[in-house]
K.L.:
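I am attaching a structure below and will ask some questions about it afterwards.
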Amino acid sequence: MSELHFYNSYTRQKEKFVSITPGYAGLYVCGPTVSGESHMGHARPYITFDVVQRYLKYLGYKVRYVRNITDAGHFEEEGREAVDKVDEKAKLEKLEPMELVQKYTNLFHHAFHLFNCDDPAIEPTATGHIIEQITMIETILEKGYAYVVNGSVYFDVKKYAENYPYGKLSGRILEDQLETTRDLDGQDEKRNKVDFALWKSAPPQHLMRWKSPWGEGFPGWHIECSAMSSKYLGDVFDIHGGGMDLQFPHHESEIAQSTIAHGHSPVRYWMHNNMITINGKKMGRSYNNIIKLSELFSGSHPLLDQPYHPMVIRFYILQTHYRSTLDFSNEALQASERALRRLWEAYEILQKLTHKGNAEAEDKDLDAKVITFCRECDDFMNDDFNSAKVIANLFEMAPVVNGIKGGQVSPGALASGTFLLLKTTFQVFLEDILGLQPMQATQSGKLDNVLSLLIDIRKDAKKRKDFATSDQIRNKLAEAGVMLKDEKDGTVSYTIE
RNA sequence: GGUCGGAUGGCCGAGUGGCUAGGCUCAGCUCUGCAAAAGCUGCUACAGCGGUUCGAAUCCGCUUUCGACCUCCA
């Protein structure tokens with residue numbers, strides 16, 4: 001079997017994954033800012049890295065998955081006065097800031113449970129790690145790479161860039177940055193516009209504030225991830241993930257801070273997922289084009305033709321490689337819904353099928369094909385987590401499964417070992433690695449009883465060739481959202497929408 | 001303006017220098033009382049123009065065009 005390789009944004013090439021401690025893998029993913037409801041764009045990273053995390057576990061790694069909650073607001077540094085989004089929103093919603101962030105943290109958790117994302121092993125909050133952040137800032141000050149102005153602390157990027165490769169991750173050249181940003185307004189406390197805040201002095205009306213050696217204030221955005229990732233994963237850890245839009249300045253700043261504080265770069269492998277777009281444009285709060293997850297699940301958004309099940313969204317995201325943009329459209333989502341339904345049905349059929357036990361395949365060609373399709377799934381995941389190709393292979397095998405059930409493929413076409421491999425591959429990749437689940441909630445026994453009564457009545461009608469009655473039952477049930485299906489063997493199955 | 005990344009069949013989307021991913025839609029056929037489902041078959045694309053090559057959608061150059069980042073952003 002091949003070995004895991006994936007694209008490292010830092011080196012801009014695919015690299016073989018070698019963990020720092022054999023058998024263990026540390027993964028840090030930038031979590032959400034909980035000043036508002038999560039939208040569709042947020043689904044991309046957390047589903048992507050959920051699969052990464054699942055796959056590492058599948059490979060046998062003990063994974064420590066850390067994903068933070070940013071519950072201390074960031075602030076706009078340039079132009080007007082600092083605006084803290086949490087602070088601002090709390091005032092708007094007339095909530096205590098911690099009340100606000102709790103509310104949106106809860107909503108976030110709820111949504112991602114619906115997506116069947118595993119909970120991270122540790123989910124640290126920014127406000128719970130103020131001391132760690134202050135300590136780290138102090139270290140950076142001691143090393144001479146930060147300066148204090150009016151109770152705020154700024155990181156000296158220019159000085160850093162003289163000694164370290166600043167801009168490598170995001171492909172930026174400091175000189176360009178300095179040149180294109182010459183027009184500072186006189187108010188700016190920073191020595192250079194490229195500098196960023198480690199700690200910000202809080203204006204009097206600011207609700208979220210903590211005591212620090214530099215007066216009351218609040219931490220800068222970038223420092224929380226550095227402080228928390230190093231606390232739980234160490235000064236150097238394996239993988240850091242997040243959206244591409246965080247590459248600069250967030251991740252670039254993380255590297256700079258940690259490099260000074262700890263003496264070396266913090267991360268071995270950087271991974272960045274691409275954006276979800278809508279009409280070709282990135283979906284984002286500032287573009288005013290977001291579709292909230294709650295709206296997606298309920299269908300309550302002008303752009304939505306219908307509600308979409310969380311599993312449809314998950315499948316839709318995994319059908320595309322994580323480094324490609326993914327454009328939203330109802331057509332695409334509906335295609336995913338049908339596709340997932342078909343694939344899942346084949347999977348359920350497969351789990352119920354039994355093999356007749358022949359050790360030798362009756363159809364050698366088909367047998368060999370199936371073995372190849374199964375084995376390739378591992379190779380595809382090992383090649384930069386290519387879930388799109390895994391799904392394509394599963395679809396290749398669906399007709400084999402359906403064919404066995406429908407009689408077009410002989411029950412002994414595959415050798416018993418291959419049949420078992422097929423079963424295992426579907427189960428492992430679909431459920432364990434891609435993290436998909438059935439869309440249909442398990443029905444209550446009572447409804448089952450009612451339906452089987454109707455099905456029996458209809459069977460009698462069919463026996464008597466009373467198709468008017470049998471069709472009436474089927475049609476009326478369909479109107480009520482229950483689809484009946486006459487199987488080849490005379491049984492009747494149904495699905496509930 | 002700077003940096004970077006895309007442009008693939010009706011739609012969504014993989015992708016490797018040569019062997020037509022996959023999904024959805026559509027059409028035909030098989031099965032079926034009918035339907036649905038399923039199976040089979042068909043629809044063979046890579047923005048344009050040059051170049052490298054025996055051969056390029058895949059490599060290079062130019063053009064057109066879309067986007068991301070350079071402020072908060074997943």
Side-chain angles (χ1 to χ4, degrees), chain A residues 12 29-33 35 38-49 73-79 83 85 167 170-173 175-177 179-181 193-194 221 241-250 272-277 280-287 290 315-316 319-321 323-343 345-346 349 376 380 383 386-396 398-409 462 465-467 470-471 474-475 478 483-488 493-495:
Chain A
R12 288 155 201 265
V29 175
C30 286
T33 302
S35 61
S38 300
H39 59 80
M40 201 174 164
H42 293 114
R44 192 92 192 262
Y46 307 130
I47 288 173
T48 297
F49 291 107
H74 314 150
F75 42 87
E76 292 173 18
E77 289 185 35
E78 305 306 333
V83 175
K85 285 191 176 160
S170 55
R172 236 147 277 255
I173 297 157
E175 283 68 36
D176 295 347
Q177 297 288 115
E179 273 171 29
T180 52
T181 54
K193 199 164 176 184
V194 290
W221 172 30
M244 258 181 181
D245 50 354
L246 296 183
Q247 222 167 25
F248 189 89
H250 187 52
H272 292 95
N273 63 274
N274 214 318
M275 301 291 102
I276 287 185
T277 58
K281 292 249 195 313
K282 175 185 166 185
M283 188 183 284
R285 283 211 180 97
S286 35
Y287 294 88
I290 60 161
F315 187 72
Y316 168 68
Q319 264 184 306
T320 306
H321 187 83
R323 286 194 288 117
S324 301
T325 53
L326 172 58
D327 198 50
F328 160 87
S329 73
N330 280 288
E331 294 72 28
L333 245 19
Q334 282 157 9
S336 285
E337 183 177 275
R338 296 208 173 106
L340 175 58
R341 201 159 262 156
R342 190 162 88 84
L343 189 60
E345 206 170 306
I349 288 166
E376 279 176 344
F380 293 156
D383 185 10
N386 200 328
S387 55
K389 283 187 135 187
V390 169
I391 290 171
N393 264 26
L394 294 176
F395 269 112
E396 291 276 12
V400 178
V401 173
N402 289 328
I404 292 173
K405 189 201 174 206
Q408 297 93 339
V409 176
K462 277 176 70 177
K465 306 252 186 231
D466 177 6
F467 297 121
S470 71
D471 285 355
R474 187 174 61 199
N475 295 340
M483 309 298 286
L484 293 188
K485 211 160 84 179
D486 293 323
E487 301 290 351
K488 283 233 163 85
S493 66
Y494 60 88
T495 51

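Chain letters run A, B, ... following the sequence lines, proteins first, then strands; residues in each count from 1. All values derive from a computational prediction rather than experimental measurement.
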K.L.:
Aromatic rings A/Y46 and A/H42: how do their planes relate, parallel, tilted or perpendicular, breaks at 30° and 60°?
P.N.:
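Aromatic pair A/Y46/A/H42 classed parallel.
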
K.L.:
Roughly how far apart, to the nearest Å, are B/rC54 and B/rA68 at atom C1'?
P.N.:
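After rounding to an integer number of Å, I get 40 Å for this pair.
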
K.L.:
Choosing from B/rA37, B/rG33, B/rA74, which nucleotide comes nearest the side chain of A/D486?
P.N.:
B/rG33

K.L.:
Which nucleotide sits closest to the side chain of A/D245: B/rA74, B/rA37, B/rA38?
P.N.:
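The nucleotide sitting nearest to the side chain is B/rA74.
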
K.L.:
Suppose we screen for side-chain contact (heavy atoms from CB on, under 4.5 Å). Which residues come up paired with A/E331, at least two apart in sequence or across chains?
P.N.:
A/S329

K.L.:
Each nucleotide in nucleotides 3-14 of chain B should get exactly one letter: B, S or -. Can you fill that in based on protein heavy atoms under 4.0 Å?
P.N.:
S--------SSS

K.L.:
When all nucleic acid strands are considered with a 4.0 Å heavy-atom cut-off, which category describes A/H250: base, sugar-phosphate, or nothing?
P.N.:
nothing

K.L.:
Which is true for A/G406 with a 4.0 Å heavy-atom rule: it touches a base, it touches only sugar-phosphate, or it touches nothing?
P.N.:
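No contact.
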
K.L.:
Under 4.0 Å, counting only non-hydrogen atoms across every strand here, what does A/A339 touch: a base, just sugar-phosphate, or nothing?
P.N.:
sugar-phosphate

K.L.:
Give the nucleotide from the list B/rU25, B/rC69, B/rC34 with an atom nearest to the side chain of A/R338.
P.N.:
B/rU25

K.L.:
How is A/E396 classified with respect to the nucleic acid when contacts are heavy atoms under 4.0 Å: base, sugar-phosphate, or nothing?
P.N.:
sugar-phosphate

K.L.:
Does the side chain of A/K193 get closer than 4.0 angstrom to OP1 or OP2 of B/rU71 through an N or O atom?
P.N.:
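Checking B/rU71 against A/K193, no side-chain N or O comes under 4.0 Å of OP1 or OP2.
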
K.L.:
Taking the C1' atom of each, how far is B/rU8 from B/rA47, in whole Å?
P.N.:
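Looking at atom C1' only, B/rU8 and B/rA47 are 10 Å apart.
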
K.L.:
On the nucleotide B/rA74, are OP1 or OP2 found under 4.0 Å from the side-chain N or O atoms that A/N273 carries?
P.N.:
no

K.L.:
Please report the distance separating the C1' of B/rA56 from the corresponding atom of B/rG17, rounded so that it comes out in whole Å.
P.N.:
6 Å

K.L.:
Check this one for me: any side-chain N or O of A/Y494 less than 4.0 Å away from OP1 or OP2 of B/rA37?
P.N.:
no

K.L.:
Measuring only the P atom in each nucleotide, how far is B/rG51 from B/rA45? A whole number of Å is fine.
P.N.:
22 Å

K.L.:
Of all the base pairs, Watson-Crick or G-U under 3.5 Å, which form stems of three or more consecutive pairs involving RNA chain B?
P.N.:
B:1-7 with B:64-70, B:10-12 with B:22-24, B:26-30 with B:38-42, B:47-51 with B:59-63

K.L.:
If you check every side-chain atom of A/K281, which of B/rA38, B/rA68, B/rC24 has the closest atom?
P.N.:
B/rA68

K.L.:
Would you mind classifying the nucleic acid contact of A/L343 as base, sugar-phosphate or nothing, using non-hydrogen atoms under 4.0 angstrom?
P.N.:
nothing

K.L.:
Evaluate whether the aromatic ring of A/F395 and the six-membered ring of the B/rG23 base sit under 5.5 Å apart, centre to centre, with an inclination under 30°.
P.N.:
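It does not: the two rings, one from A/F395 and one from B/rG23, miss the stacking criterion.
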
K.L.:
Among B/rG67, B/rA37, B/rC72, which is the nearest nucleotide to the side chain of A/S286?
P.N.:
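So the nucleotide nearest the side chain must be B/rC72.
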
K.L.:
Base of B/rC34, side chain of A/R474 - is there a donor-acceptor contact under 3.5 Å?
P.N.:
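Present.
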
